[in-house]
Protein chains: 2
Amino acid sequence: MDVDTRLLRYFAAVAEEGNLTRAAERLFVSQPALTKQVKQLEAQLGVELFVRSRAGMVPTEAGDALAARIPGLLADWDRALRETRSAASRAARVLRVGFVASAANESTQRIIAAFTGRRPDWRVDLRQTDWSEPSAGLADGRVDVALLRLPFPGQDRSNVAVLLTEPRWVALAESHPLAALARIPFRDLWDEPFVAAPQETGEWRDYWLATDERDGTEPRIGTVTRTTDEWLTAIANGYGVALAPESCARFYPRPGVAYRPVTGVSPSRVAVAWAKDGDPVIADFVRSCLEHRAPSAR
Amino acid sequence: MDVDTRLLRYFAAVAEEGNLTRAAERLFVSQPALTKQVKQLEAQLGVELFVRSRAGMVPTEAGDALAARIPGLLADWDRALRETRSAASRAARVLRVGFVASAANESTQRIIAAFTGRRPDWRVDLRQTDWSEPSAGLADGRVDVALLRLPFPGQDRSNVAVLLTEPRWVALAESHPLAALARIPFRDLWDEPFVAAPQETGEWRDYWLATDERDGTEPRIGTVTRTTDEWLTAIANGYGVALAPESCARFYPRPGVAYRPVTGVSPSRVAVAWAKDGDPVIADFVRSCLEHRAPSAR
DNA sequence: CTGCGTCGATAACCTGACGGCATGGACGTC
DNA sequence: GACGTCCATGCCGTCAGGTTATCGACGCAG
């Protein structure tokens, strides 16, 4: 019997939420569409998956049994998908390199040149991601190797080599009183509202809020942004301040946004990361990275 | 990214056949439909899966990678499906009992009565299958327990208890010269065309052709049938002869078809079979079967 | 008790995907 | 040069999936 993974995702969302309306929102479809899909799944299986009540949708035992299996099924499909894509790029001698916007720096050009020297018959496919995806596509297998900032989600499943370390600064509205200072103690920022990364970026978000370096004070969230542009705009408009690597001041100047050094907060590390599977081509790329790392990281 | 399992089956068929036209036949769709589906899968993945040539469709490395994963994915989905259905029937206190047409016999009624005595709050759902499905739905988890004939596909994944043994007879056209004999030596049937079960029934087919008891002589296939009715018609019309359990002569008399005892061929065994997972309700059903088994099997 | 908010289900409609048939184009074979 | 065997393409009918608007059931607050 055939199913679409979409149906399985729909079902899983309803089972988790216990509520059609909310599940529909989460899936970006209308509630009637979800109603129909769930009914259709039940019809296809010949099994009642939910008990409907005013309280919402409660999974039956069969529904629970199915819900327990779905994450595994979807994960397996995802893995097959990634392996297929990576087989394709390997066969085409294409190395897929991801980098997060803020990690890109002057040495990228030289790294690629060095790699091309080592593997003249390979081509490099560069994919830039904004910081809504701090693993630069490595976590979901869309790239083979990534230049990014530590920490990132899925870091424990990857090999990592640090390329450089740079201090974290703060970006704030030029009109902000603290902008008058030449350097700002991090302690003075604890009570400021912050412009944060989305919840789902996990430890990346926490790192840039420096949650661990506030002595337990909860960070205040001014607003959440997904792209560099949104981020700059939010800061300029005074929705909050945000930590950022020093180089950000050079790469992303913006009228209305001031960058200042911060004391009392740990520096940020840029690294190259790759899957733990010992591909010699990736090893060559990593070698090319290490040749060009900043002296500070050696 | 979403896919339909149908698309995966399509892809797998093409990868196996290496030929669109033949794969299309096997899948009971037209060749253009398959062409489109394969292209769509490639578009969805963003990966070329086949190299097209006059020789046919040759999988690329990516295609091979995907093809290697698909059987596992489909099997997992199938398992999830079976578990869901079985959870549903367990919750509804329904025991799903399959039996193949030819295994049903007079004791079925008594077995069910005995089971109902043991589990008054349970209901028995009987599902008869013809011999295109000799496991009576046990192999694909559509029933919890089955009354059937040995051997059957998937037998090694099940527990089995023999209920009765009966000689194999032969069914042939009344006009057939051998029908004149009161009992027919199996040796005399070796060169006869046989009415056989479909290829995909595996050892079931071989067993009823008695492939192992012909000293290596290849059986001749007169025609292939899927249902009891087709089978009887084929025999009456002289497309071939066929082995059948003795009781078949009582249950399926048919003008134009004669049944005769056969010497020199092993008898057939009727058994109860169930999944190896120790459900106490199933155990009660098996117990009810064993109480009513024929003396010959004890 | 009445009006409102929150559930899920239903109706009417539109679009696009899938499948079928007929046909085309490339290439090898007799 | 005609034919057979591949896969691709064009055209068309059908149906599944989505959307919006609306309904019925129920609980709760005024």
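Below, all heavy atoms of this structure are taken into account, side chains as well, without hydrogens, waters or symmetry copies. So that the names make sense, note that chain A is the first sequence line, chain B the second, and so on, each numbered from 1.
- A straight line from CG of B/L34 to C1' of D/dT9 spans 15 Å, rounded to a whole angstrom.
- Scored by the side chain to side chain donor-acceptor pair (under 3.5 Å) test, B/D2 finds A/T5, A/R9 as partners (sequence neighbours excluded).
- With sequence neighbours excluded, the residues forming a salt bridge (Lys or Arg N to Asp or Glu O under 4.0 Å) with B/E42 are B/R52, listed by chain and number.
- Every pair passing side-chain hydrogen bond (donor to acceptor under 3.5 Å, both in side chains) that includes a residue from residues 86-99 of chain A is listed here, sequence neighbours excluded: A/S86-A/R90, A/S89-A/R96, A/R93-A/D121, A/R96-A/D144.
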Every protein N/O within reach of nucleotides 23-30 of chain C N/O, cut-off under 3.5 Å:
from	atom 1	to	atom 2	distance (Å)
C/dG28	OP1	B/R54	NE	3.4

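- Taking A/D125 as the reference, A/R123, A/R127 meet the salt bridge (Lys or Arg N to Asp or Glu O under 4.0 Å) condition, with sequence neighbours excluded.
- Sorted by first and then second residue, the ring pair (Phe, Tyr, Trp, His ring centres under 6.0 Å) pairs involving residues 66-87 of chain A (not counting sequence neighbours) form an empty list.
- Looking at residues two or more places apart in sequence or on another chain, you find a ring-ring contact (aromatic ring centres under 6.0 Å, His included) between A/F11 and A/F50.
- Counting any heavy atom pair closer than 4.0 Å across all strands shown, A/A33 reaches a base atom.
- Every residue two or more places apart in sequence or in another chain was checked for a side chain to side chain donor-acceptor pair (under 3.5 Å) with A/R82, and none qualifies.
- Of all the residues in residues 5-18 of chain B, B/R6, B/Y10 reach under 4.0 Å from DNA chain C with at least one non-hydrogen atom.
- Taking B/F194 as the reference, nothing meets the ring-ring contact (aromatic ring centres under 6.0 Å, His included) condition, with sequence neighbours excluded.
- Listed by residue number, B/K36, B/Q37, B/Q40 are the residues of residues 35-44 of chain B with a heavy-atom contact under 4.0 Å to DNA chain C.
- Within 4.0 Å (heavy atoms only), A/S30 reaches at least one base atom of the nucleic acid.
- Checked against side-chain contact (heavy atoms from CB on, under 4.5 Å), A/E203 has the following partners two or more places apart in sequence or in another chain: A/P151.
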